[in-house]
Amino acid sequence: MRKEKVIFEGSLMDDVDEDLPSWCGLSLTDEEQDIVTDEINQIDLLMRCPSIDYYEEEGPDIPRFSDTYYKFVVYSPEEEENLKEELKEEILSVIREYDEEI
């Protein structure tokens with residue numbers, strides 16, 4: 001049985017508690033960071049990466065306080081390294097797409 005390693009946790013309301021560009025080794029300018037933040041949330045960005053699995057859990061259904069919680073996992077050091085590369089590519093893709101629109 002493969003052993004899972006939780007890489008990130010978060011929710012739709014609070015996002016993940018990690019700076020994803022820094023985690024995967026990117027050093028973005030403030031402008032690039034703003035582009036990524038404005039164009040896509042971190043949870044959707046992680047969901048684009050095939051090397052990571054995620055679990056989704058609905059919180060209590062309370063008006064204005066309901067949330068969906070996520071746990072993102074990998075099963076090997078190789079998957080974690082692949083995730084870093086995939087995440088870099090996804091972040092750079094968001095920036096390129098933004099630049100092409102202008």
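Sequential numbering from 1 along the given sequence is applied to the chain's residues. Scope of the values below: all heavy atoms of this structure, side chains included, with no hydrogens, waters or symmetry mates.
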Quiz item: Quick one: CD on E56 to CE on M47, what's the gap to the nearest 0.5 Å?
Solution: 5.5 Å

Exercise. Could you go through the side chain to side chain contact (heavy atoms under 4.5 Å, CB included) check for I40 and E90 one step at a time?
Key: CA-CA 10 Å; I40 189 167; E90 289 298 332; over 6 Å; no

Quiz prompt | Interatomic distance, C49 atom SG to E85 atom CD [nearest 0.5 angstrom] | solution = 11.0 Å

Quiz item: Looking only at heavy atoms, which two atoms of I52 and L46 are closest? And how far apart?
Solution: CG2-O, 3.5 Å

Practice problem: Step by step, work out the side chain to side chain contact (heavy atoms under 4.5 Å, CB included) result for Y70 and L12. | Solution: CA-CA 8 Å; Y70 294 88; L12 286 180; 3.8 Å; yes

Quiz item: When Ile, Leu, Val, Met, Phe, Trp and Tyr are grouped by side-chain heavy atoms lying under 4.5 Å apart, directly or through other members, which residues fall in the same group as V73?
Solution: V6, Y55, Y75

Self-check item: Partners passing side chain to side chain donor-acceptor pair (under 3.5 Å) against Q33 (at least two apart in sequence or in another chain)
Solution: none

Quiz item: Between the side chains of E89 and S93, does any donor sit under 3.5 Å from an acceptor?
Solution: no

Quiz prompt | Partner set under side chain to side chain donor-acceptor pair (under 3.5 Å) for Q42, not counting sequence neighbours | solution = none

Quiz item: So, for S51 and V74, which heavy atoms are closest and what is the spacing to 0.1 Å?
Solution: O-CG1, 3.7 Å

Quiz prompt | Heavy atoms from other residues, nucleotides or ligands near CG of D38 exceed 12 (cutoff 6.0 Å) | solution = yes

Practice problem: Check E32 against S27 and note the closest heavy-atom contact, atom names and distance. | Solution: OE1-O, 4.4 Å

Exercise. List for me each residue that meets side chain to side chain contact (heavy atoms under 4.5 Å, CB included) alongside S76, sequence neighbours excluded, and say none if there are none.
Key: E78, E79

Quiz item: Any side-chain heavy atom of V16 sitting closer than 4.5 Å to one from F72?
Solution: yes

Practice problem: Decide if atom OH of Y69 counts as having more than 12 heavy atoms of other residues, nucleotides or ligands within a radius under 6.0 Å. | Solution: yes

Practice problem: List for me each residue that meets side chain to side chain donor-acceptor pair (under 3.5 Å) alongside D44, sequence neighbours excluded, and say none if there are none. | Solution: N41

Quiz item: Between I95 and L28, is a side chain to side chain contact (heavy atoms under 4.5 Å, CB included) present by the stated rule, with each step listed?
Solution: CA-CA 10 Å; I95 294 168; L28 301 180; 4.0 Å; yes

Exercise. Keeping to residues at least two apart or across chains, list the side-chain hydrogen bond (donor to acceptor under 3.5 Å, both in side chains) pairs with something in residues 11-24.
Key: S11-D67, D19-S22

Practice problem: In sequence, state the C-alpha distance, the side-chain angles, and the governing distance for I43 and F8, and then conclude on side chain to side chain contact (heavy atoms under 4.5 Å, CB included). | Solution: CA-CA 10 Å; I43 290 177; F8 305 110; over 6 Å; no

Self-check item: Point-to-point distance, once rounded to the nearest 0.5 Å, from CG of L87 to NZ of K84
Solution: 10.5 Å

